[in-house]
**Q** 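My structure is below; once you've seen it, I'll send some questions.
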Amino acid sequence: MKSFVLRGGTIVNPDGNTETDVVVRDGFVVAADQSHGDLPVIDATGCYISSGFVDLHTHLREPGKEEAETIETGSRAAARGGYTAVVAMPNTDPAQDAVHVVDFVRSRGERVGLCEVLPSGCITIGRMGQQLVPFAALAKAGVHLFTDDGNGVQDPLIMRRALEYAGELGVVLAQHCEVARLTEGAVMHEGACCSSLGLPGWPALAEELMLHRDIELVRLTGAPMHFLHLSTARSVEMVRQAKLEGLPITAEVTPHHLSLVDELLTSFDTVFKVNPPLRTRGDIEALKGGVLDGTIDAVATDHAPHSDHAKEQPLDAAPPGMLGLETALGVLNTSMTLSPRRIAEVLSWNPARIANVADRQGRPVVVGEPANLAVWDTTSALVVSRDHLVSKSRNTPYDGMTLRGRVRHTVFRGELVVKDGEALK
Ligand code: DOR
């Protein structure tokens, strides 16, 4: 459906909320006129209408792991979650370290047409941490965000050089903060719970050491850096201080690090194994504080599909990661009380800026703007069922839980792609 009226909702814009119809025609938000009385009406009663969500951290798995997710199934999950753009992480097979791979991911996303798929590029060839990718060629191919996500870049000289290139080219590096030597064999957060279970631990320090190093490299080079999936209280404090000093950094947290505690691993259920690991209640409170006071710029899903087959292995062998796209709004809104404005800011406006797509995503909902929209509420109950997900994988930790707040409709490039919570194509 390409021409319609969203009726009964409240528009959430940076300059305030307004209760008014939104008329969408030929891809754009247009002014109401006499002829709009004939257009189909989509009910948005009780909902907020904002720019569509933008996920800075989505694993789409294609090419290489299509048994877990494809660009098509991941895009559908994104649309269902209110997303109109996702940054596709580079740990595919082959990795997104060459122009032909990112071209493939982008064009497949275009063909699917359910949301914008923005391929990230690796920082190093094969994400091996040794040799830099051809930054200039990848930037020319439209890559804006570079990351070895899944791995942290261990070598400080490689990271320094990468920052220097990125600064020159006007692109951004996104770091997965993990000193690998400190997390070998780890399956969960290192702390009281892991000691009592006798499991190898992933210390908070492994994240904080690399974050500290990279804040200093940003200070040295002046190039911007985005920090992925921060998970500890001290990380939030370090980012807060670095921002006070005016360093050009941004940071994200995931819905699962805001909502799930390390003690869930006492079940030995691999669905709770994630990297970085679930942390303590104190860490969760500090992350929420960062979301509330603006230290944390974005809530990003780290949507990490894995097949049942992969997750059914023992805890030490199972891959880390959990689904996120279809539940992000509900988990965020259930975990903490945020204004609709702050929800739009962390799920749409800020990530659109960080991903460099603010010319078409994260825009104010006003006449003349491209119609990339999410229609959502913060009150209705959503019972998560792994059997009702449209992702190809089932590894949600929220199965059976009741979340508060849901995405009702999603509009991508003026087309209604999700209506009443169901994908239309
Ligand atoms: O839990 C995670 N899963 N963390 C990562 O950094 C990578 C991701 C994946 O690719 O499965």
Side-chain angles (χ1 to χ4, degrees), residues 55-71 73-74 77 86-97 105 119-120 122-124 126-129 145-154 173-180 182-184 186-189 202 206-207 210-211 226-232 235 251-260 262 264-265 269-279 300-313 315-325 327-328 331 391-398:
D55 191 28
L56 290 171
H57 200 143
T58 300
H59 295 275
L60 289 174
R61 303 295 189 223
E62 185 178 354
K65 275 238 165 60
E66 291 83 354
E67 73 277 16
E69 195 79 285
T70 64
I71 291 170
T73 58
V86 298
V87 176
M89 288 291 110
N91 57 341
T92 47
D93 186 12
Q96 290 166 204
D97 59 8
V105 172
S120 64
C122 303
I123 295 173
T124 66
R127 299 169 46 255
M128 304 289 280
L145 190 141
F146 289 79
T147 176
D148 275 359
D149 181 56
N151 296 335
V153 176
Q154 304 297 313
L173 300 189
Q175 178 68 296
H176 165 124
C177 290
E178 176 180 1
V179 174
L182 290 172
T183 63
E184 281 167 15
V187 296
M188 69 176 291
H189 171 66
W202 200 124
E207 173 173 303
M210 190 168 283
L211 174 61
H226 177 69
F227 293 103
L228 301 166
H229 50 44
L230 292 182
S231 65
T232 82
S235 292
E252 67 180 43
V253 297
T254 70
H256 49 269
H257 288 110
L258 292 169
S259 58
L260 304 174
D262 63 340
L264 289 162
L265 261 302
D269 188 338
T270 60
V271 82
F272 298 114
K273 182 179 175 186
V274 66
N275 187 16
L278 303 178
R279 301 288 189 189
T301 66
D302 197 359
H303 178 82
H306 291 291
S307 66
D308 283 352
H309 178 69
K311 277 292 198 183
E312 276 161 10
Q313 299 176 86
L315 208 47
D316 57 344
M322 42 182 70
L323 301 182
L325 288 168
T327 50
V331 173
S391 171
K392 202 165 178 188
S393 289
R394 294 284 167 268
N395 55 312
T396 176
Y398 304 105

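First listed ligand is number 1; within each ligand, the first listed atom is number 1. Since this is a predicted model, take the numbers as computed values, not measurements.
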**Q** Check for a donor-acceptor pair, side chain of K392 on one end and backbone N or O of E66 on the other, with a separation under 3.5 Å.
**A**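 Side chain of K392 to backbone of E66, a donor-acceptor pair under 3.5 Å: yes, one is there.
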
**Q** Taking side chain to side chain donor-acceptor pair (under 3.5 Å) as the definition, give me every residue that meets it alongside H226, ordered by chain and number, with sequence neighbours left out.
**A** T250, E252

**Q** Is there a donor in the side chain of H309 and an acceptor in the side chain of E67, or the other way round, less than 3.5 Å apart?
**A**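 There is no such pair (donor and acceptor under 3.5 Å, judged by atom type) between the side chains of H309 and E67.
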
**Q** Using modelled atom types and a 3.5 Å cut-off, is there a donor and acceptor pairing between side-chain atoms of D97 and backbone atoms of C122?
**A**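 Side chain of D97 to backbone of C122: no pair is present.
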
**Q** Any protein N/O atoms within less than 3.5 Å of an N/O atom in ligand 1? List the atom names and distances, or say none.
**A**
unit_1	atom_1	unit_2	atom_2	d
ligand 1	1 (O)	N275	N	2.9
ligand 1	1 (O)	N275	O	3.4
ligand 1	1 (O)	G321	N	3.3
ligand 1	3 (N)	P320	O	3.1
ligand 1	4 (N)	N275	O	2.7
ligand 1	6 (O)	H176	ND1	3.3
ligand 1	10 (O)	H59	ND1	3.4
ligand 1	10 (O)	R61	NH1	3.0
ligand 1	10 (O)	R61	NH2	3.4
ligand 1	10 (O)	N91	ND2	2.8
ligand 1	11 (O)	R61	NH2	2.8
ligand 1	11 (O)	H306	NE2	2.9
ligand 1	11 (O)	P320	O	3.1

**Q** Among residues at least two apart in sequence or on other chains, which ones pass ring-ring contact (aromatic ring centres under 6.0 Å, His included) with H229?
**A** H57, H176

**Q** Not counting sequence neighbours, which residues clear side chain to side chain donor-acceptor pair (under 3.5 Å) with S393? List them please.
**A** none

